[in-house]
J.: 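Structure provided below as structure tokens; questions to follow.
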Amino acid sequence: MAENQKNYDFTSIEKKWQEFWEREKIFRADDDSDKPKYYALDMFPYPSGAGLHIGHPEGYVASDILARYKKACGYNVLHPMGWDAFGLPAEQYAIKTGTHPSVTTKANVDNFRRQIKSIGFAIDWDREINTTDPGYYQWTQWIFLKLFQRGLAYVDEKPVWWCPNLKAVLANEEVVDGKSEVGNHPVERRNLRQVVLRITAYAEKLLEGLDELDWPDSTKRQQKAWIGRSEGAQVQFEIAGLDEELEVYTTRPDTLFGATYMVVAPEHPLLNQLTVAEKKDEVKVYVDAAAKKSDLDRTDLAKDKSGVFTGSYCLNPVNGEKVPVWVADYVLISYGTGAIMAVPAHDERDYEFAEKYQIEIRRVIAHPDRNEEKSKLPYSGPGLMVNSGKYNGMEATACKAKIIFDLETKGSGRGAINYKLRDWIFSRQRYWGEPIPLVWVSLEDFEKAKATEGILRNLLPTEPVTSDQDGTTLYALPLPAAELPLQLPKVENYQPAGTGESPLATIPDWLEIWYNLQTGESLPRTEPKPTGDRWVPATRETNTMPQWAGSCWYHLRYLDPKNGERLVDPAKETYWGGPDFYIGGAEHAVLHLLYARFWHRFLYDERVLANPEPFKKLFHQGLILGEDGNKMSKSVGNVVNPDVVIDAYGADSLRLFEMFLGPLEAVKPWSEKGIEGVHRFLKKVHRECLQTDKHLQDQESNKETLKVLHETILKVSEAIEDLRLNVAISQMMILVNQLQKVDSFSLDTIKTLLQLLAPFAPHLAEELWESLGGKPSIIFEPWPQARKELLVSDEITIVFQVNGKLRGEGQFPKDVDKDSVISAAKADTKVQTFLEGKEIVKEIYVPGKLVNLAAKG
RNA sequence: GCCCGAGUGGCGGAAUUGGUAGACGCAGCGGACUUAAAAUCCGUUGGCCGCAAGGCCGUGGGGGUUCAAGUCCCCCCUUGGGCACCA
């Protein structure tokens with residue numbers, strides 16, 4: 001019995017097999033294979049200084065189980081890992097300590113890699129990537145230049161969140177409740193020069209593409225809402241006494257007769273002309289006040305609408321009625337035309353405003369139930385048109401098209417589509433990001449560049465990209481691909497310029513260059529100007545790219561991580577396609593996943609890629625909470641460190657428990673006791689395996705064991721495919737409980753169990769597989785197939801119900817007919833007690849399952 | 001405010017298409033082994049009533065459809081997430 005007492009020494013087992021996998025390159029993905037491919041992708045981590053926390057591996061374990069399972073099923077599997085390593089924390093740390101962000105980043109990456117490796121993932125480490133690697137960001141810059149060339153990048157003054165404490169511009173998502181996410185400092189709105197990507201040009205494609213994706217519905221819905229497509233009409237209103245027209249956008253042209261006032265946004269270009277002399281002061285006070293409000297204030301004060309009458313009137317194109325024009329900040333300049341026709345009877349916001357300022361509220365859509373009493377205003381549902389001249393009596397929804405057509409005929413409107421989606425502010429005033437590979441020259445030099453034969457000329461967008469700086473207009477020229485990567489310069493001081501410019505603006509050597517208009521070559525201005533009139537003075541763009549940039553296309557680089565000639569070899573892209581499975585947090589439902597789709601779709605349109613959509617199947621793992629049910633956080637002190645868990649229970653227990661916790665997509669609390677449970681299960685497997693006197697038989701002779709085994713094969717396989725991994729583990733526990741119960745079982749049975757367990761607890765499975773005489777790696781063994789014929793027993797149990805309540809059961813041969821089951825049910829003594837004095841009114845038989853006798857009386 | 005998702009024992013959860021609610025695990029209780037402990041194993045464990053046989057109740061609450069509802073429909077409550085004057 002000595003062998004039975006051998007301990008489950010997970011520490012040495014796990015070390016042994018991790019070394020074996022690495023040495024033998026077991027998980028190398030083959031670029032040149034006849035096998036079908038399977039690409040499982042995790043959202044790659046930002047390697048923070050805090051190291052991995054217990055939430056990170058949740059998704060990784062799930063994708064790893066899938067990857068290992070698919071490999072056993074005969075697929076050529078790619079499961080890579082990399083680092084999204086640009087970002088603010090390393091830069092903040094550099095400001096504080098003077099340590100170069102690359103040093104911090106390297107240390108953090110090393111730590112993350114060590115931690116991830118300790119969990120034993122089936123990762124092809126030869127494909128590791130890092131967004132801060134010049135060999136990587138060269139291609140991030142390359143994609144940007146393509147976008148620039150196609151006119152999808154421009155420069156504009158944009159209001160952005162500015163944090164005076166961090167001296168940095170923050171993205172929307174880095175601002176939480178008016179405070180910076182990092183450090184919780186106050187932030188304010190500031191207009192700053194920004195590089196912007198024209199994602200709005202892709203609004204329609206991004207919307208359409210969603211339909212074919214196997215994504216969570218909620219994520220698709222969020223993206224749809226973010227893109228915010230609406231159909232309606234642009235309508236021109238003549239302005240009384242002015243030779244101008246006021247154009248509005250409306251989704252409800254059918255309510256035109258109910259427009260009792262108009263509103264322009266405080267920033268509207270016609271406001272000044274619209275404002276009559278005696279209203280000038282009042283309007284000015286209002287507009288100034290609105291300008292001082294941040295967007296946040298404007299939304300917060302939403303409950304209380306305000307506005308000022310301009311003194312002007314428009315003429316309603318459908319009936320010539322005079323309609324007063326107001327200015328109010330509940331109308332946004334950034335959406336539609338910045339002006340609306342207000343229909344208080346059928347729009348909540350207009351209703352509120354009209355009530356406050358006692359403007360007429362005129363119903364033009366009748367509620368379908370005709371009960372005027374009941375149909376409160378504002379009413380936005382369907383109905384028949386009233387008070388609408390010749391349109392009266394028509395169905396409002398159907399009338400939209402009719403009115404648009406009539407407006408078009410008269411030349412006072414047209415059908416229009418609008419999107420909520422805004423262009424993407426792509427620049428950050430920071431050091432630790434990809435430099436934007438543009439230079440700025442004078443108009444004169446720009447014209448010269450356009451006239452110069454050479455590569456540069458072909459890289460220019462049709463419309464020049466310009467920027468006003470210190471009163472002069474500068475023109476953007478790209479760096480050609482041969483000049484990439486444009487590397488980050490070494491700096492002494494990481495403090496931002498403080499003016500809203502990046503630290504790069506403080507390095508004259510890097511900033512000021514001689515630039516060759518033909519070749520795009522550059523030299524520091526500190527060197528003498530090379531001869532020839534093709535060399536001109538230029539300054540570099542000092543903005544860097546946002547962290548989203550590197551993550552927009554990393555899924556492609558894994559396919560060909562070391563290619564110096566191309567972003568990805570087309571042959572490899574054709575073979576691998578996109579990830580077959582992509583897993584990551586739901587917090588990226590919109591931004592990362594929308595930006596990545598934008599770039600991917602653009603590269604597809606450029607014929608760089610063969611597929612229009614990057615991520616066909618997407619899954620969001622749920623959050624793992626602390627044991628106290630709260631979100632894990634350092635300040636609460638409920639953070640669980642995977643290193644500690646692995647020390648105590650081993651990586652296999654960690655993996656198994658993260659999956660056993662509950663449904664993958666659910667938010668669920670960690671439990672120290674719970675991990676002991678799965679650890680006990682693994683110990684049991686270990687013990688049953690090494691108890692060699694218990695599995696001497698060749699063939700499985702116990703019918704029950706055989707049945708449970710094949711049930712387990714079936715359920716585990718299905719559960720992995722459906723990512724119901726907690727259920728798969730439960731089923732394996734049921735099988736092990738069975739093996740423990742019987743006196744003996746076959747070697748084959750236990751080896752099959754190990755194969756099923758291998759994706760979940762790979763180290764232990766390898767170890768036991770080897771100890772049973774199997775040749776490593778277990779992952780090369782073909783996945784077991786369930787023999788479904790074993791699952792049907794000759795005898796079946798059928799339950800008897802009376803009025804839906806369980807009253808008995810009986811054993812029957814599996815091909816029993818309905819009549820004999822029903823008579824058996826009626827003969828059951830207990831059933832009879834419940835039928836006494838009653839009349840059977842209906843007999844239900846669900847073949848092989850149950851009888852229900854409905855009785856009355 | 002609007003749009004989604006969730007609510008099942010003491011706890012995490014299972015029940016894939018309406019068909020035996022509570023699989024599996026944790027915790028609890030009782031027992032075996034042990035000098036003892038740990039480890040392991042066996043039994044038990046939704047609530048109420050009952051000596052028992054057994055009965056009744058039970059999937060957030062209320063109503064409904066059905067022979068049959070955790071599952072479908074309506075209303076409400078709680079909770080998590082998303083959006084937030086987008087005309």
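Below, read A as the first sequence line, B as the second, and so on, with proteins coming before strands; counting in each chain starts at 1.
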J.: What stem regions, each of at least 3 consecutive Watson-Crick or G-U pairs below 3.5 Å, can be found for RNA chain B?
T.: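 Correct response: B:1-7 with B:77-83, B:10-12 with B:24-26, B:28-32 with B:40-44, B:46-49 with B:54-57, B:60-64 with B:72-76.
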J.: Using the ring of each side chain (for Trp, its six-membered ring), is A:His588 parallel, tilted or perpendicular to A:His592, with breaks at 30° and 60°?
T.: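 The arrangement is perpendicular - the two ring planes meet at more than 60°.
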J.: Using the P atom as the point on both nucleotides, what is the distance between B:rC73 and B:rG18, in whole Å?
T.: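 The answer is 11 Å between these two P atoms.
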J.: Taking OP1 and OP2 of B:rA68, is either one under 4.0 Å from a side-chain nitrogen or oxygen of A:Arg807?
T.: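 The answer is no; no side-chain N or O of A:Arg807 sits under 4.0 Å from OP1 or OP2.
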J.: Quick check on B:rA39: is either OP1 or OP2 less than 4.0 Å from any side-chain nitrogen or oxygen of A:Arg680?
T.: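 For A:Arg680, the contact criterion (side-chain N or O under 4.0 Å from OP1 or OP2 of B:rA39) is not met.
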J.: Need the glycosidic conformation of B:rG58: syn if within 90° of 0, anti if not. Which one?
T.: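 Anti conformation here, the glycosidic angle of B:rG58 being more than 90° from 0.
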J.: Look at A:Gln740 and B:rU40 and indicate whether a side-chain polar atom (N or O) is within less than 4.0 Å of OP1 or OP2.
T.: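 No, outside the criterion.
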J.: Enumerate all atom pairs, one protein N or O and one N or O from nucleotides 2-9 of chain B, separated by less than 3.5 Å.
T.:
unit_1	atom_1	unit_2	atom_2	d
B:rC4	O2'	A:Arg221	NH2	2.3

J.: Is A:Gly677 touching bases, backbone alone, or none of the nucleic acid, heavy atoms closer than 4.0 Å?
T.: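 Sugar-phosphate contact only.
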J.: Without decimals, in angstroms, what is the distance between A:Ile624 CD1 and B:rG12 P?
T.: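 Computing the A:Ile624:CD1 to B:rG12:P distance gives 15 Å.
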J.: Please measure how far the P atom in B:rU20 lies from the corresponding atom in B:rU16, and state the result in whole Å.
T.: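 Their P atoms lie roughly 9 Å apart.
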J.: Ignoring hydrogens and geometry beyond distance, is a side-chain donor-acceptor pair present between A:Tyr286 and A:Asp329 at under 3.5 Å?
T.: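 Per modelled atom types, A:Tyr286 and A:Asp329 side chains form a pair under 3.5 Å.
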J.: Hey, does the side-chain of A:Lys305 have a donor or acceptor N/O within less than 3.5 Å of a partner on the base of B:rC85?
T.: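 Pair found.
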J.: With a 4.5 Å cut-off on side-chain heavy atoms, are A:Pro378 and A:Asp347 touching?
T.: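 A side-chain contact is absent here, since even the closest heavy-atom pair is not under 4.5 Å.
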J.: Given B:rG25, is OP1 or OP2 found less than 4.0 Å from the side-chain N or O atoms of A:Asn737?
T.: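 Yes, within the criterion.
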J.: So does A:Asn726 get a side-chain nitrogen or oxygen closer than 4.0 Å to the phosphate oxygens (OP1/OP2) of B:rA14?
T.: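 Checking A:Asn726 against B:rA14: at least one side-chain N or O falls below 4.0 Å of OP1 or OP2.
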J.: Of the options A:Thr337, A:Val248, A:Ile417, A:Thr250, which is the one that meets A:Gln234 in a side-chain contact (heavy atoms from CB on, under 4.5 Å)?
T.: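 Answer after filtering A:Thr337, A:Val248, A:Ile417, A:Thr250: A:Thr337.
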J.: With respect to the phosphate group of B:rA87, does any side-chain polar atom (N or O) of A:Tyr335 fall under 4.0 Å of OP1 or OP2?
T.: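 For B:rA87, OP1 or OP2 has a side-chain N or O of A:Tyr335 closer than 4.0 Å.
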J.: According to a strict under-4.0 Å criterion, is A:Lys673 in side-chain N/O contact with OP1 or OP2 of B:rC26?
T.: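 So the side-chain polar atoms of A:Lys673 never come under 4.0 Å of the phosphate oxygens OP1 or OP2 of B:rC26.
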